[in-house]
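Letters A, B, ... mirror the listed sequences (proteins, then strands); counts begin at 1.
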2 protein chains.
Amino acid sequence: MGLTKSEIFTEKQNEISGIAKVFGHPARVAILQYLFKIDSCICGDLVEEIGLAQPTISQHLKELKNVGLIKGSIEGTSICYCIDKENWSSMKAIISEFLNQDLNTNNCC
Amino acid sequence: MGLTKSEIFTEKQNEISGIAKVFGHPARVAILQYLFKIDSCICGDLVEEIGLAQPTISQHLKELKNVGLIKGSIEGTSICYCIDKENWSSMKAIISEFLNQDLNTNNCC
DNA sequence: TTATTATATTGCAATATTACGATTAATAAT
DNA sequence: ATTATTAATCGTAATATTGCAATATAATAA
C-alpha cells in the first residue's frame, strides 16, 4: 500500500516519527548543519553548497519549513532562511525524551 | 528518480539521516517504546500490541535489527527481541550531537 | 517597460516504502 | 509422523519520496 496507518498510533508516536522523518534525508541534515554553521540567515548559495538542483533544494527547504525547523523571510530579491531556534528546542525536547528511554531500564540481555 | 544521492554527502550526514530514517515510522517508534517499557526480551505479542499484520511487523523488526537498535535470539519456536543498549547509546550520542548544534550559536533572527 | 535574479511550482520518471495475503521454515507438542 | 505455533520471506499493490527540467512567480535593476 505505501500508506502509513497513522491512526493506530499515539499522537506522540506520530509526532516523534514525523520529526525524525525530516532528519531522515542527508540533504536536509546538510542544510540544517550549514544554517547552524554560518549562524545567520542565508540567502542563496544553498544550491552550490549542497550540490543538488535548485528545485530539489527548494523542496527540502519546504519540508523543513513545514515541520517548523526553519523560517524564511523575504530580503529583496532573495529569501533568507534560518533555523527557528525556539521550535528547534521544543523538537529537541521531544526527541531527547524518546532517546533517553534507556536511562530508566535495566540490562536484561 | 527516488534515489537519494548519498555520495554527495559526508559519512556523518548519511549516518545521522540513516538512523533518523529508522525512527521515521510510528510503528518502529512504538516497537522501541514497548521494548523499553517491558524492559526485557519479548517473544511474540508484538503483533497484537502494535496492531499491524505479522509480516509488516516482521519487516519493521528487520529494519530495526539492520541498523543495530535491537537484537533477537531464538527461544524455541519463537524469537526474543530486545533493545541493543550498547548500540542505542552510541546512536544516541550521534543524534544528540546533531540536536545540540544550537547550543553554540547566537540568535540571528 | 524590459531584463535580471532568486525562489517556487508543476509535471514527470525512477526508486523506495508500507502493508498484507500466501507461503515457507523451524521447532514443539501430540 | 502429524499437527500446531511462530516468525521470516515472497510477491504484489498502493502510495511516498527523490530528483530534475521546464515553467512560473516575484522582486528588483536597468
Item to check | Any donor-acceptor N/O pair, B:Asn87 side chain to B:Leu69 backbone, under 3.5 Å | outcome: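 The answer is no, because no donor-acceptor pair under 3.5 Å joins these two groups.
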Next on the checklist: Using only atom types and a distance under 3.5 Å, with no angle test, would you say the side chain of B:Gln13 pairs donor to acceptor with the backbone of B:Thr10?
Outcome noted: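 Indeed, once roles are kept as given, a pair shorter than 3.5 Å links the two residues.
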Checklist entry - Of A:Asp84, A:Ile83, A:Ile70, A:Leu35, which is the lone residue that meets side chain to side chain contact (heavy atoms under 4.5 Å, CB included) with A:Leu64? => result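 Passing option: A:Ile70.
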Closer than 4.0 Å, any side-chain N/O of [X] to the OP1 or OP2 of [N]?
X       : N      : result
A:Thr4  : C:dT18 : no
A:Tyr81 : C:dA8  : yes
B:His60 : C:dT17 : no

[X] has an atom [atom1]; how far is it from atom [atom2] of [N], in whole Å?
X       : N      : atom1 : atom2 : answer
A:Gln59 : C:dA14 : CD    : P     : 17 Å
B:Ile8  : D:dG19 : CD1   : C1'   : 10 Å
B:Glu48 : D:dA7  : CD    : C1'   : 13 Å
A:Arg28 : D:dA16 : CZ    : C1'   : 12 Å
B:Ile57 : C:dT18 : CD1   : C1'   : 12 Å
B:Asn66 : D:dA8  : CG    : C1'   : 13 Å
A:Asp45 : C:dT5  : CG    : P     : 16 Å
B:Leu64 : C:dT18 : CG    : P     : 11 Å

Looking only at side-chain N and O atoms, does [Y] offer a donor or acceptor that is under 3.5 Å from a partner on [X]?
X        : Y        : result
A:Thr105 : B:Lys85  : yes
B:Lys92  : A:Asn100 : yes
B:Gln101 : A:Gln33  : no
A:Thr56  : A:Gln59  : no

Next on the checklist: Within the 4.0 Å limit for protein heavy atoms, which parts of nucleotides 22-30 of chain C are touched? Write it as a string from 5' to 3', B for base, S for sugar-phosphate only, - for none.
Outcome noted: B----SS--
Checklist entry - Cluster question for you: counting only ILVMFWY and a side-chain heavy-atom cut-off of under 4.5 Å, with indirect links fine, are A:Val47 and B:Ile8 together? => result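 Result: yes, single cluster for both.
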Next on the checklist: Please list, in numerical order, the residues of residues 11-25 of chain B that have a heavy atom closer than 4.0 Å to any atom of DNA chain D.
Outcome noted: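 Residues of residues 11-25 of chain B that come under 4.0 Å of DNA chain D do not exist, since none gets that close.
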Next on the checklist: Heavy atoms from C-beta onward define the side chain here; which of D:dT15, D:dG19, C:dA8 lies closest to that of A:Lys65?
Outcome noted: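 Between D:dT15, D:dG19, C:dA8, the one nearest the side chain of A:Lys65 would be C:dA8.
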Checklist entry - Ring centres of A:Phe23 and B:Phe98 under 6.0 Å apart? => result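 Yes - the distance between ring centres of A:Phe23 and B:Phe98 falls below the 6.0 Å cut-off.
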Checklist entry - Does B:Glu97 pair with B:Lys12 as a salt bridge, N-O distance under 4.0 Å? => result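 Yes, B:Glu97 and B:Lys12 are salt-bridged.
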Checklist entry - Considering heavy-atom distances to DNA chain C, does A:Leu61 or A:Ser6 have its closest nucleotide positioned more toward the 5' end? => result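 Between the two, 5'-proximity favours A:Leu61.
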Item to check | Contact nearer the 5' end of DNA chain D, comparing B:Lys5 with A:Leu3 | outcome: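 Result: A:Leu3.
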Checklist entry - How would you label the contact of B:Leu52 with the nucleic acid (heavy atoms, under 4.0 Å): base, sugar-phosphate, or nothing? => result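 The residue B:Leu52 makes sugar-phosphate contact but no base contact.
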